[in-house]
Amino acid sequence: MGNAITNVLLDFALPTLVVALIFLAVLKFVVPPAVRTVFKREVRSYFMSPIAYVCVVTFLLVSNGISFWFGGVLERGEADLYMSYFQYLPWFFIVVAPAVGMRLWSEEQRLGTMELMLTMPIAPWQAIVGKYLAASVVLFSMLVLSFPIVLTVNYLGDPDNGVMLAGFVASLLVALSFLSITSLVSAFTRSQIVALLISIGLCLFVWLVGLQPVSDSLLKLFPSMPWIASFVSGLSVLTHFNELSKGILVSRDLIFFLSFISFCLFGTAVGLRLNRS
Amino acid sequence: MIEVRNLSKHFGDKVAVDNLSFTVKKGEVLGFLGPNGAGKSTTMRMITGYLPMTEGSVSIGGADVVEDELTAKSRIGYLPENAPLYNDMSVDGFLRFAAELRRVPAGQITDAVDKAIATCFLESVRHQSIDTLSKGYRHRTCLAQSIIHDPDVLILDEPTDGLDPNQKHEARELIKRMGEDKAIIFSTHILEEVEAACTRAIIIDEGRIVADGTPDELKSQAEHAGVVVARLRGLAGTGIKQELEKLSEARGLEVSESGEDYICARVDLAKGKTSEELSSAIFKMAVDKNLTVEELRIEQGRLDDVFRQVTQSDTAKG
C-alpha cells in the first residue's frame, strides 16, 4: 500500500500540482486582470451553487461505478485502465460538460447581466475566456477527484502510470472540447435546458463521427475518394482521443484540441455579437 | 463629453433609431423622454457600446466607442433598464467585482465600495445576498455599480423605475448633485423628474428627436404657455369681455365662466407682446374700471402637454 501511494503521488499528484501551479501563474501574471476578475466571480458562483457539487458527485459515482462493475477493472487482471475506464470516460463528459457549461452565457442573457458585464471596460473575448476557464476548473477537479481508481490499480498491480496519465490528459482535453461546444451553444439561447440538450446532441455528434462504422460507410459511399472518410474522422474528437489515450503524445492531436477549443470560443464571441445586433 | 453623430439603428427593416445627433457637456443632465418603443433604450445601449450601431458614431470624451472601445467604456457608468444583477453574490461582493472590472486601482477598491454604499444608502444590506433584496435595493445596488469608479459620464436607463416616492426623490437629488461635475443622460417616463433634475431634455419619437431644449424652453412650446388667466369682478361678464378684447396686448380670449358681475377668461397673447405686458395691461384696465382682481396668473405650459403634442404621431396612427 505504501508503495502504491508513493507511486501515485509521484506519477499523478506531482504533475497535477505542476499543471495547477502553471495555471495559477498564467492567471496571475499573463492574462489581463479583467479575465482574472471574471474567472474569480464564476468559480465562486459555481462552488456557491449546488451545480458543481451535483455534477462532480454524480460523475464520480457513475464513472467509478461503471468501471468497477461493468468495465471489470478487477476481473481483467490487467493493471491498466485503458479498456475498462478510459473507454467510458468521454461518454460521461458528453453529458457532464454540457451540464457544467449550460449556464455560461444563457443565464447571463436571461438575467440581462450580459449587458452589465459587456458595457464595463472588458473585451468580449476576455469575458468568454474567464468564464470558460472557471468551468474548466470544475471539470478538472472532477478528474482530480477520480484518484481512488488510480490508487486501486496501483495497489493491486504495477501499471504503466505514464499511459494512465496520458489517458487522463486525453480525457481532460475531450471534456474541455465539449465544454467549448457548450459555451458556443449557450451564446445562442437564453434557456439553460435548450443549451444543455443541443450541446449534448452536438458533443455526441462530434464524438460519433469518429467511430469505425461511420468511416466504413463513408468509404463505401465514396469509394473513389477515401480522403472524405479520413477527413471526417480527422475532425472527430474521438480519433484524437484514441491516439492520445494510448499514451502517444502527438503534437498533432494537441494542436487539434487547442484549435477546436479556440474555434468554439471564437464562435461564442460571434454568437454573442449576432445576438446583440 | 458625450458626442452622438448621425446615430442610426436598424433591426431588419425596422428603423429603431433614425439619424440622432446631440452632445452632452460636463455639468449637463440630459433627460431622455419618449413614448415606449421610441428608441430610448436602444440609443443608450449604442452609446454604452453594447449594441453595434448601423450608422453614425458616438464618442465619449474624445474616445470613439467602436474604435477605442475600452477607453470609452472605462469613462462610462451605466445603469441598464431593469437593473440586472448577479443574484448569487452579496451586495459587497458584487460591488467589489464591479470595481475591479471598472479598473478601480486595487488599493482603492474598499474605499470606492464604501463610498458607493453610503451614496446609495445600502449599508443595511451590505452583506446580504442579492437575490433576497427588494426591488428598491436591487435598483440602488445597480446604481451603485455605475458610480463606483466615479465616471465622467453616466448613462441611466430609467433610474427611478420601481422606487417608492421617497427613494425617487433621493435618486433625483443624487442625479442632480452628480450632474454638477459629470455629463449625465437619463431616460424616464416621469415628466416631473425632468423638471426636477434636468438641465436639458430631449424628446424622441420613432427614433427621431422631436424636441430639444431646457425644461423651460420646452414648456413654452406648450399650446397654452404664456396665456394669462384672469378672474375679474365688478361688471357684467359680457362688459368685461369687451374691455379685455380692446387691449392691444390681447389677441383673443376664451371665456370659461361668466356671470352677472364677473368673468373668468383665458386671454391669448398678441404677437410681439410678452405675458408680463399682457397681465399688467389687464391689471391697469381693471383698476381703471374699478374691478376686483380675484385671479391673475400666467399659464406656465406643462411638459406633458408638450410631450403629447410632439409624440402624437404614434397614437394617432394606432
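Quantities reported herein were computed from a predicted structural model and do not represent experimental measurements. Throughout, protein chains are lettered first and strands after them, A, B, ... in sequence-line order, and every chain is numbered starting at 1.
The residue among Y86(B), Y78(B), F97(B) with the most heavy atom pairs within less than 4.5 Å of chain A is Y86(B). Comparing I155(B), L101(B), T48(B) by heavy-atom pairs within less than 4.5 Å of chain A, the highest count is held by L101(B). If you tally non-hydrogen atom pairs under 4.5 Å between each of T54(B), L70(B), L51(B) and chain A, the highest count goes to L70(B). Between chain A and the residues R45(B), K73(B), E69(B), the largest count of heavy-atom pairs under 4.5 Å involves K73(B).
Scanning residues 9-33 of chain B against chain A with a 4.5 Å non-hydrogen threshold yields K9(B), F11(B), sorted by number. By a heavy-atom distance cut of under 4.5 Å, E108(A), L111(A) are the residues of residues 104-111 of chain A near chain B, going up by number.
Side chain to side chain, E158(B) and S187(B) fail the donor-acceptor criterion of an N or O pair below 3.5 Å. Under 3.5 Å, the side chains of S41(B) and D157(B) contain a donor-acceptor pair of N or O atoms.
With hydrogens and angles ignored, the 3.5 Å screen pairs no side-chain donor or acceptor of N82(B) with any backbone N or O of P84(B). Under a 3.5 Å cut-off, the side chain of N64(A) and the backbone N or O of L60(A) do form a donor-acceptor pair. The closest donor-acceptor contact from the side chain of S129(B) to the backbone of T132(B) lies at 3.5 Å or more, if one exists at all. Although no hydrogens or angles enter the test, the distance criterion places a donor-acceptor pair under 3.5 Å between the side chain of R102(B) and the main chain of I76(B). Using a distance-only test at 3.5 Å, with no hydrogens or angles considered, a donor-acceptor pair links the side chain of Q126(A) to the main chain of A123(A). Looking only at distances, no side-chain donor or acceptor of R103(A) sits under 3.5 Å from a matching main-chain atom of Q192(A).
Looking at E100(B) and R96(B), no side-chain N of the basic residue comes within less than 4.0 Å of a carboxylate O on the acidic one, giving no salt bridge. A salt bridge links R126(B) with D114(B): the closest approach of a Lys/Arg side-chain nitrogen to an acidic carboxylate oxygen falls below 4.0 angstrom. One finds a salt bridge joining K182(B) and D150(B) here, because a Lys/Arg side-chain nitrogen approaches an Asp/Glu carboxylate oxygen to under 4.0 Å. Residues E115(A) and R276(A) are not paired through a salt bridge, judged by the lack of any N-O separation under 4.0 Å between the basic side chain and the carboxylate.
Between F86(A) and F168(A), the gap from one ring centroid to the other is short of 6.0 Å.
Looking at A98(B), the atoms closer than 4.5 Å to chain A (heavy atoms on both sides) sit in the backbone and in the side chain alike. Looking at T113(A), both its backbone and its side chain come within 4.5 Å of chain B, counting heavy atoms on both sides. Neither the backbone nor the side chain of M53(B) comes within less than 4.5 Å of any heavy atom of chain A.
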